[in-house]
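Reading through the C-alpha cells given below for one structure.
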Amino acid sequence: MIELSESPYEVVQQALRRWGNVRPTEGGWLARCPAHDDRQGSLLVLAAGDARVELDCLGAGCDPQDVAAALRIGAQYVVVPPPAFEDGPGWIWPGYLPSVGLTLIDGEDGVNTLAVALDVAARASAGSGLPDGQHPPTGHDVVVLTAPHTTADARRLLAASGADSGRTEVIEVLGGRGGQRGLRLPADLAQVEELLRGRGVELLVVDVMLVCPYRVPAEMALQALCEMSKDLGVAVLAVRDASKRAGWLASRRAQEAAELGSVAAVHMAVNGPKRSKALVPVASESWKVMGGLQFCQAVRNRPVVWNSRFSRGTGRAIESADLCRRRPASTGAYRFLEGLLAGGPVPARDVSAAAAGVGLAPRTVQRARTELGVVATKTAQGWVLSLPPQHVGR
C-alpha cells in the first residue's frame with residue numbers, strides 16, 4: 001500500500017471521508033461512490049503519480065468526471081480516463097498507441113524495449129487484454145522487421161507473449177546477409193513501403209537503430225517512419241535502446257523526439273523501484289498523457305509481466321531516469337540513501353555509520369543527499385534524516 005502524504009492526495013482523502021467507508025487497498029483506497037447509490041464501497045481510487053488519482057467505479061461504472069464532480073474535487077487531481085478505441089484517430093491501445101502514426105519507446109539503460117513492444121504487439125494480435133486491462137474488440141495484423149541477429153529472439157518473445165501466429169509475421173530485412181545490404185531508412189523508404197503494401201499490416205514493430213545506418217542521424221529514420229505510417233495508414237511502434245550510438249540518456253532522447261512534432265506519441269521505459277520497470281508516457285499529439293504502468297521483465301514464462309500503475313509521475317520519472325549515466329559517482333549512494341530512509345527518519349550518525357560500512361565516502365553521500373533532497377531535522381536526540389514528501393511511499 002502506498003502512503004500518500006502530499007497535500008493534493010490529502011484533498012482527495014478528505015473528500016472520500018465525507019462519504020464514509022474508506023478502506024486502504026494496494027496502491028490507494030476503496031470508498032463509497034458518490035455518483036450512485038453505493039452501499040458496498042465499490043469506488044476504487046488509485047494513486048497514479050503526479051499527485052493525481054484514478055477513479056474507477058466497480059459497482060455501476062460511473063463516469064470518472066461525474067465521480068470527481070460529486071466528490072467536489074478539481075480536474076487537476078484526477079487522471080484523464082482512457083479514450084474509447086474509436087475516439088480521435090482510432091487506437092491499437094487507447095491513450096498509448098494510435099492506429100496511425102509513429103509511437104516511439106525510448107529505453108533507459110538496462111530495459112529491454114523490444115520485449116516491451118513485442119508484448120504489446122502480441123496482445124494486439126491476439127485481441128487479448130492490454131497492459132492496462134483494456135480489451136480490444138478484435139485482433140490486429142502485426143509485422144516485425146528484424147535483422148539476422150535479432151530474428152530468433154523476436155520470434156521467441158512473440159511466442160512467449162502469447163501472439164496469434166496467424167496474425168504476426170517476422171520479416172528479416174534490416175541486416176545484410178551473404179554480402180547483400182539490408183534495407184535502411186530513409187534511403188530505402190520506397191522499398192520498405194512496397195514490402196508492406198498488400199500485406200494488410202495494421203501494426204509495424206521496428207528497432208530504430210537497426211533501420212538507421214551508421215553516421216545517419218536517428219531523427220532522419222524517425223521522420224521516414226512517420227511518413228511511411230501516414231502513407232500506408234498503419235501504426236508504427238518503434239523502439240530505441242540506450243547505446244553509445246543512440247545516446248545513453250533516454251530522458252534526453254525522448255524529449256528531443258517529442259519536440260520533432262511529427263511523432264504521434266513518445267514513451268520512456270525506465271527502471272523503477274525494487275528491480276521493477278515502468279512504461280511512462282512523455283508526449284502525445286492525440287490525447288492527454290496517460291499514467292505510467294509498472295512491469296517486470298523475465299518473470300516466469302512470460303518476458304514482460306504488467307502489475308500496477310507507476311506511482312511516480314512523468315516529471316519525476318524523467319528526473320530520476322539515467323541517474324547512473326548522469327552521476328555515476330553518486331548513484332550507489334543515492335540508491336543506498338533511498339533504501340535506508342524508505343522506512344522513516346534515521347539519525348544522521350547512523351546513516352554515516354551505515355554508509356561507511358558499505359564503503360561510501362562522506363562527500364559522495366553528501367552529493368547524494370543533495371540530489372535526493374534529503375531533509376535534515378534537529379531533534380532533542382540530535383539530527384535525523386528523512387526523505388522529502390514526494391518520495392514517501394515510493
Side-chain angles (χ1 to χ4, degrees), residues 1-4 6 9 24-29 44-56 78-82 93-97 103 105-123 128-135 157 160-162 237 239 241-242 250-251 254 265-284 289-324 335 338-339 342 387 390-394:
M1 184 180 65
I2 299 176
E3 288 184 32
L4 305 173
E6 296 179 67
Y9 285 131
T25 186
E26 182 66 28
W29 311 273
L44 178 62
V45 183
L46 296 175
D50 288 333
R52 297 183 299 167
V53 295
E54 181 178 351
L55 302 173
D56 186 6
V78 183
V79 168
V80 178
W93 179 11
Y96 295 89
L97 177 57
T103 298
I105 301 178
D106 261 313
E108 188 180 6
D109 192 18
V111 183
N112 187 346
T113 56
L114 181 61
V116 175
L118 291 180
D119 180 82
V120 173
R123 294 169 184 269
S128 57
L130 293 166
D132 62 348
Q134 299 183 77
H135 289 269
L157 289 170
S161 299
L237 180 55
V239 300
D241 281 327
S251 54
V266 179
H267 309 301
M268 281 178 53
V270 301
N271 292 299
K274 299 180 180 178
R275 299 184 180 179
S276 66
K277 318 289 182 183
L279 182 68
V280 181
V282 175
S284 173
V289 174
M290 307 289 290
L293 298 171
Q294 196 162 300
F295 64 91
C296 295
Q297 290 191 311
V299 178
R300 301 185 182 92
N301 297 324
R302 195 164 185 124
V304 177
V305 176
W306 304 87
N307 48 37
S308 66
R309 286 286 184 184
F310 190 48
S311 60
R312 296 175 181 173
T314 299
R316 171 61 183 150
I318 291 175
E319 176 189 337
S320 301
D322 312 309
L323 180 65
C324 61
R335 291 175 178 163
E338 196 172 34
L387 291 175
Q390 62 267 29
H391 281 264
V392 175
R394 291 180 174 173

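Keep in mind that the numbers below use all heavy atoms, side chains included, and drop hydrogens, waters and symmetry copies. As the structure is a prediction and not an experimental result, all values here were calculated from the model. Counting begins at 1 with the first residue of the sequence.
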Query - Shortest non-hydrogen contact from Phe295 toward Asn307 - result: N-OD1, 4.0 Å
Report summary line: For Ala254 and Met268, the nearest pair of non-hydrogen atoms, with its separation, is CB-CG, 3.5 Å
Report task. Determine whether Arg123 and Ser161 make a side-chain contact, defined as any pair of heavy atoms from C-beta on separated by less than 4.5 Å. Result -> no
Requested in this report: Could you point out which residue of Val116, Asp132, Leu130 forms a side chain to side chain contact (heavy atoms under 4.5 Å, CB included) with Leu293?
Outcome: Asp132
Query raised in the report: Considering all heavy atoms of both residues, which atom of Lys277 and which atom of Gly110 are nearest to each other, and what is their separation?
Result: NZ-O, 3.4 Å
Query raised in the report: Could you give the distance from CH2 (Trp306) to CG (Asp119), rounded to the nearest 0.5 Å?
Result: 6.5 Å
Query raised in the report: Partners of Asp56 by side chain to side chain contact (heavy atoms under 4.5 Å, CB included), sequence neighbours excluded?
Result: Leu44, Leu58
Query raised in the report: For the residue pair Ala269 and Ile105, what are the closest heavy atoms and their distance?
Result: CB-CG2, 4.0 Å
**Report entry** All side chain to side chain donor-acceptor pair (under 3.5 Å) counterparts of Thr113, not counting sequence neighbours
**Finding:** Asp241
**Report entry** Set of residues satisfying side chain to side chain contact (heavy atoms under 4.5 Å, CB included) with respect to Ala242, sequence neighbours excluded
**Finding:** Asp109, Trp248, Arg253
Query raised in the report: If you take all heavy atoms of Pro281 and His267, which pair is closest and at what distance?
Result: CA-ND1, 3.2 Å
Requested in this report: Could you give me the CA-CA distance, side-chain angles and deciding distance for Tyr96 and Leu237, then say whether side chain to side chain contact (heavy atoms under 4.5 Å, CB included) is met?
Outcome: CA-CA 10 Å; Tyr96 295 89; Leu237 180 55; over 6 Å; no
Report summary line: Shortest non-hydrogen pair, Val270 vs Val280, comes out as CG2-CG2, 4.0 Å
Report task. Please list, chain by chain and in numerical order, all residues satisfying side chain to side chain contact (heavy atoms under 4.5 Å, CB included) with Ala115, sequence neighbours excluded. Result -> Asn112, Leu157, Gln297, Val304
